[in-house]
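Each remark here refers to the structure printed beneath this line.
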Number of protein chains: 2
Amino acid sequence: MKPEDETNEVYRFFTEVGIINQLISTKLETFLPGRMTATQFGILGHLVRRPDGETPLQLSNAFQVPKTSMTHMLASLENHALITLETNPNDKRSKIARSTPQGTEFLRVCTEQMSEALYPLLSELGSDPFHSSLPNLMLIREALDQERD
Amino acid sequence: MKPEDETNEVYRFFTEVGIINQLISTKLETFLPGRMTATQFGILGHLVRRPDGETPLQLSNAFQVPKTSMTHMLASLENHALITLETNPNDKRSKIARSTPQGTEFLRVCTEQMSEALYPLLSELGSDPFHSSLPNLMLIREALDQERD
DNA sequence: TTAATTTAGTTCGATATCGTACTATCGGAG
DNA sequence: CTCCGATAGTACGATATCGAACTAAATTAA
């Protein structure tokens with residue numbers, strides 16, 4: 001394949017990623033209350049899986065959003081009583097975000113609704129397209145992540 | 001594999017897609033002037049490849065963003081003189097967006113810069129991860145797209 | 001032909017995002 | 001201990017996003 005076509009393929013890859021992200025975020029956001037975004041929901045899921053909590057900075061690295069956006073998202077989740085934000089005893093500059101029981105329950109309910117909504121898609125496609133592309137996506141994500149400095 | 005693990009894999013797929021989208025958009029946006037977004041840049045690219053132009057509605061379908069967001073994005077591109085917006089002679093409710101020569105040139109320059117910025121990534125990974133996952137991404141995108149109604 | 005329905009796009013208002021500049025705290029060098 | 005550069009998070013302001021309600025044009029029905 002010509003190098004030019006390879007470059008084109010990379011662009012198409014990123015375009016498809018953008019559209020899939022758009023489609024799935026929109027779909028998810030119809031289940032979420034008010035203006036809660038897919039990213040905010042992702043953060044909640046991340047915290048539910050980590051009972052010791054994480055600092056805002058760790059979260060902004062994990063989701064690759066600016067710290068200033070993270071401040072806003074965490075404040076919003078805290079307003080909904082889905083997480084708590086305490087000062088980090090080891091470093092008073094820092095904080096620790098943790099999921100509340102309501103947060104965990106909220107995640108469970110939304111995830112269930114989302115699974116139902118995705119059921120037709122999974123029956124149609126099967127799990128293979130997801131299964132076989134996941135390792136490549138992880139590879140690309142890690143390389144992009146590494147490069148950023 | 002258990003059905004439960006399959007579901008988990010699907011979620012990880014969407015998470016990876018979200019993070020890759022975030023990383024690549026941020027990277028691209030550092031090359032773009034002012035507050036121009038990756039989506040707006042994508043729209044310009046779409047129009048450059050279609051000399052006859054497209055209507056705002058076609059564009060909002062292609063990129064899966066609400067019409068009201070498209071209005072804003074097109075207005076912004078028009079302000080930068082990168083596109084023109086004329087009323088559609090076949091349907092006076094409608095409009096046609098077309099790239100201007102400046103738009104085409106602007107796209108060329110930014111694409112070139114982006115290609116240079118992506119060069120290290122491509123050398124490291126090779127084109128295979130992109131090449132082999134693209135068909136699956138297209139499959140998933142088309143299914144999601146179909147479903148939306 | 002007129003009236004009702006549908007469709008394309010915009011206006012408006014609420015909220016999300018994020019860059020810049022700031023404050024508070026930490027941790028190392030002397 | 002004291003200074004100073006680095007680091008965590010926030011305030012603020014500009015702009016992007018997008019749902020709801022609207023206007024105008026096209027299409028369908030009667």
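All values below come from the heavy atoms of this structure, side chains included, with hydrogens, waters and symmetry mates left out. Naming convention: chains lettered A, B, ... in sequence-line order (proteins, then strands); numbering from 1 in each chain. None of these values were measured; they are calculated from a predicted model.
- Regarding A/Leu74, its CG atom lies at a distance of 15 Å from the P atom of D/dA8, rounded to whole Å.
- Between A/Glu112 and A/Arg108 there is a salt bridge, since a side-chain N of the basic residue sits under 4.0 Å from a carboxylate O of the acidic one.
- In the set C/dG19, D/dT10, C/dT17, C/dT17 carries the atom at the smallest distance from any side-chain atom of A/Gln40.
- For the pair B/Arg35 CZ and D/dG13 P, the computed distance is 14 Å after rounding to whole Å.
- Nucleotide C/dT6 holds its C1' atom 13 Å from the CG atom of B/Leu57, rounded to whole Å.
- Nearer the 5' end of DNA chain C, as judged by each residue's closest nucleotide, is the contact made by A/Val65, out of A/Asp91 and A/Val65.
- The distance between atom CD1 of A/Ile43 and atom P of C/dA16, rounded to the nearest whole Å, is 12 Å.
- The residue A/Met70 sits apart from the nucleic acid: no heavy atom pair falls under 4.0 Å.
- In the set C/dT17, D/dG9, C/dT10, D/dG9 carries the atom at the smallest distance from any side-chain atom of A/Pro56.
- The phosphate of C/dC18 has OP1 or OP2 within less than 4.0 Å of a side-chain N or O from A/Ser69.
- Between the CG atom of A/Asn61 and the C1' atom of D/dG9 there is a distance of 13 Å, rounded to whole Å.
- Residues B/His46 and B/Phe63 place their aromatic rings such that the two centres sit under 6.0 Å apart.
- The shortest distance between the side-chain N/O atoms of A/Thr37 and the OP1/OP2 oxygens of C/dT17 is below 4.0 Å.
- Between the side chains of B/Tyr119 and A/Thr7, no donor N or O sits under 3.5 Å from an acceptor N or O.
- Between the side chain of A/Thr68 and the base of D/dA11, a donor-acceptor pair under 3.5 Å is found.
- A/Glu86 has its CD atom 14 Å from the P atom of D/dG9, to the nearest Å.
- With rounding to whole Å, A/Gln22 atom CD is found 16 Å from D/dA16 atom P.
- Of the possible polar contacts, one joining the B/Glu29 side chain to the B/Ala38 backbone as a donor-acceptor pair under 3.5 Å is found.
- Judged by closest nucleotide on DNA chain C, B/Thr71 is the one of B/Thr71 and A/Pro66 placed further toward the 5' end.
- Both A/Thr55 and B/Lys67 sit near DNA chain D, but only A/Thr55 has its closest nucleotide nearer the 5' end.
- In this structure, the CZ atom of A/Phe31 is 15 Å from the P atom of D/dG19, given to the nearest Å.
- Listed candidates were D/dA8, C/dG19, C/dT11. Nearest to the side chain of A/Ser94 is D/dA8.
- Along DNA chain D, the nucleotide nearest B/His72 and the nucleotide nearest A/Arg93 are compared for position; the residue whose nucleotide lies closer to the 5' end is A/Arg93.
- Classification of A/Lys27 and B/Glu147 as a salt-bridged pair holds, one side-chain N sitting under 4.0 Å from a carboxylate O.
- Look at A/Lys92 and you won't find any side-chain N or O under 4.0 angstrom from OP1 or OP2 of D/dG9.
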